[in-house]
Amino acid sequence: MSAYTRFKVTRSSPSLWGSRSTIAINLIDAVMMKELLNLLTEIERDKRVAVVLFDSADPDFFLAHYDIAGDPAELVGVETTAGRHPFTDLHIRLSKSPA
């Protein structure tokens with residue numbers, strides 16, 4: 001697994017735990033979006049992963065919304081399927097993931 005800055009990934013075969021630890025409210029910014037897409041690509045390629053679980057380093061807050069105030073240019077060049085926005089692509093791919 002790659003190194004990530006917005007969450008920590010722990011393998012406990014056949015499961016992966018992703019612990020979010022970004023800023024106070026776990027906002028999905030461009031960096032987190034890119035890292036989640038990269039993690040999803042790794043999950044799709046690793047046939048040993050059967051389960052993926054996410055939790056939060058903050059017990060009082062799991063996940064905030066997508067950072068609509070962020071700079072859209074930060075996502076330019078991010079490869080997605082069918083030309084979708086990275087946020088949409090992430091959710092569609094995640095919903096179809098075998099893990």
Side-chain angles (χ1 to χ4, degrees):
M1 294 285 142
S2 298
Y4 298 101
T5 62
R6 295 293 197 255
F7 49 87
K8 176 184 168 190
V9 176
T10 305
R11 176 181 285 282
S12 177
S13 193
S15 62
L16 277 179
W17 284 86
S19 185
R20 295 180 178 150
S21 58
T22 57
I23 47 185
I25 59 170
N26 291 337
L27 186 69
I28 301 176
D29 62 359
V31 174
M32 181 182 251
M33 177 68 55
K34 291 174 190 176
E35 290 185 359
L36 284 170
L37 287 165
N38 288 338
L39 176 62
L40 186 53
T41 298
E42 290 185 39
I43 291 167
E44 291 167 341
R45 291 179 181 165
D46 188 344
K47 302 305 180 202
R48 298 171 296 167
V49 177
V51 177
V52 179
L53 302 163
F54 288 97
D55 68 4
S56 175
D58 181 346
D60 296 323
F61 207 95
F62 178 66
L63 184 66
H65 59 276
Y66 177 70
D67 183 12
I68 59 172
D71 182 1
E74 293 181 40
L75 293 172
V76 171
V78 173
E79 290 187 34
T80 63
T81 56
R84 297 181 184 109
H85 185 278
F87 190 69
T88 304
D89 194 57
L90 173 71
H91 288 89
I92 290 172
R93 288 175 57 201
L94 190 57
S95 73
K96 294 180 179 185
S97 173

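This one's a predicted model, so the numbers in the text were calculated from it and none came from an experiment.
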Just verifying a value: how many Å separate Leu75 CG and Leu37 CG, rounded to the nearest 0.5 Å?
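These two atoms lie 8.5 Å from each other.
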Rounded to the nearest 0.5 Å, what separation is found between the CG atom of Leu39 and the CG atom of Leu90?
9.5 Å
Under a 4.5 Å cut-off applied to non-hydrogen side-chain atoms, are Arg6 and Ile28 in contact?
no
Intermediate values then yes/no, side chain to side chain contact (heavy atoms under 4.5 Å, CB included), Arg11 and Asp46:
CA-CA 12 Å; Arg11 176 181 285 282; Asp46 188 344; 2.3 Å; yes
Do [X] and [Y] sit in the same hydrophobic cluster, where Ile, Leu, Val, Met, Phe, Trp and Tyr count as joined when their side-chain heavy atoms come under 4.5 Å apart?
| X | Y | answer |
| --- | --- | --- |
| Phe54 | Met33 | yes |
| Leu40 | Val31 | no |
| Met32 | Ile68 | yes |

Heavy-atom pair of closest approach, residues [X] and [Y]:
| X | Y | answer |
| --- | --- | --- |
| Ala99 | Val49 | CB-O, 3.7 Å |
| Tyr4 | Glu42 | OH-OE2, 2.7 Å |
| Pro86 | Thr80 | CA-CG2, 3.8 Å |

Hey, could you give me each pair passing salt bridge (charged side-chain N to carboxylate O under 4.0 Å, His left out) that has a residue in residues 62-83? Not counting sequence neighbours.
none
With side chain to side chain contact (heavy atoms under 4.5 Å, CB included) as the test, would you mind laying out the steps for Ile43 and Ser97 before giving the verdict?
CA-CA 8 Å; Ile43 291 167; Ser97 173; 3.9 Å; yes
Just by distance, do the side chain of Lys47 and the backbone of Glu44 share a donor-acceptor pair under 3.5 Å?
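The answer is yes, because a donor-acceptor pair under 3.5 Å joins these two groups.
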What about the rings of His85 and Tyr66, do their centers lie closer together than 6.0 Å?
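Yes, the ring centres sit under 6.0 Å apart.
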